[in-house]
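First the structure, in the form of structure tokens, and then the observations on it.
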Amino acid sequence: MLTDSHAHLDDARFNEDRDAVLQRAWDGVVRRIRTIGNGSGPDQMGCGIPIAEAHDWVYTSVGIHPHDASKVVERHYDLIEKLSAHPRVLAIGETGLDYYYDNSPRDVQREVFRRHLLLSQKLRLPVIIHTRDADEDTEELLRETPPAGGVIHCFTSGEKLAKHALEVGLQISFSGIVTFPKSQTLAQIAREIPSDCFLVETDCPYLAPVPHRGERNEPAFVADTARFIATLRDISVERIAEATSANFLRLFASKSS
Ligand SMILES: [Zn+2]
Ligand SMILES: [Zn+2]
């Protein structure tokens, strides 16, 4: 059984056929999905809750994407606290730093990320971290304010951050990017990382893995990423599925069993 640790099922691109998408995932032996609670901005962070309530194998999170950091006001942190008490909310995020798009000023992104890390400590909930072109600042913030566990999702960073993440007990999650021919450093990390330290995800509707590249991504395609990593490590896809599902459960144990 597979676990898609990171999906955006609230995305409008699923409005026409969300139930069929979930059915295809189930038919592809995906038995757990976490849909991310960011929505189109901080006021929509509860977007995953109705989807999780309607499907007992779907979980969610709440938080503010770094793209939306400049829209944050104090009451949004209260909203994270309030919504995270929901039994299907497994984590805080995704949050983090995106210096590739720079949709919000970097100092604001850092402050919003820091507040999520503090909430992770306070609420004892793991954090889902998005980081792009910001390895150094991500590592520094994680050192200053270590969260209560978590994952660096859609990992595209270098070996140094990968190493630091594992040292502080974070997991790394691989998306379809690892299947792209240019992702050689990433493939190397996926080949060598200990089997109890990583997850797989789609980050759908974005980033469909080979052989679906360019299509709308969906949770069923997490199987292609798992298969690719299995080939890299010269083991069966079943073992990847088993290990990544066990890692997900261990990381989010308090609420996902
Ligand atoms: Zn992300
Ligand atoms: Zn995402």
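Side-chain atoms are counted along with the backbone in the values below, which use heavy atoms only and exclude waters and symmetry mates. Indexing begins at 1, ligand by ligand and atom by atom, following the structure's order. Source: prediction; values computed, not measured.
When the Zn ion (ligand 1) is compared with the N/O/S atoms of H130, atom ND1 turns out nearest. Nearest N/O/S atom of E94 relative to the Zn ion (ligand 2): this is OE2. Among heteroatoms of the N, O or S kind in D203, OD1 lies nearest the Zn ion (ligand 2).
The shortest distance between side-chain heavy atoms of F252 and Y59 does not fall below 4.5 Å. When side chains are defined from C-beta on, S61 counts as touching R34, because their heavy atoms get closer than 4.5 Å.
By the 30° and 60° cut-offs, the orientation of the rings of F174 relative to F155 is perpendicular.
Ion pair R75/D78 not flagged as a salt bridge, since none of the NZ, NE, NH1 or NH2 atoms sits closer than 4.0 Å to an Asp/Glu carboxylate oxygen.
Distances from the Zn ion (ligand 2) show that H8 has an N/O/S atom below 2.8 Å. For the Zn ion (ligand 2), the N/O/S atoms of H6 include one lying under 2.8 Å.
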*asked:* Could you walk me through whether D19 and R24 satisfy the salt bridge (charged side-chain N to carboxylate O under 4.0 Å, His left out) test, starting with their C-alpha distance in whole Å, then the side-chain angles of each, then the deciding distance to 0.1 Å, before giving a yes or no?
replied: CA-CA 9 Å; D19 285 340; R24 279 197 292 278; over 6 Å; no
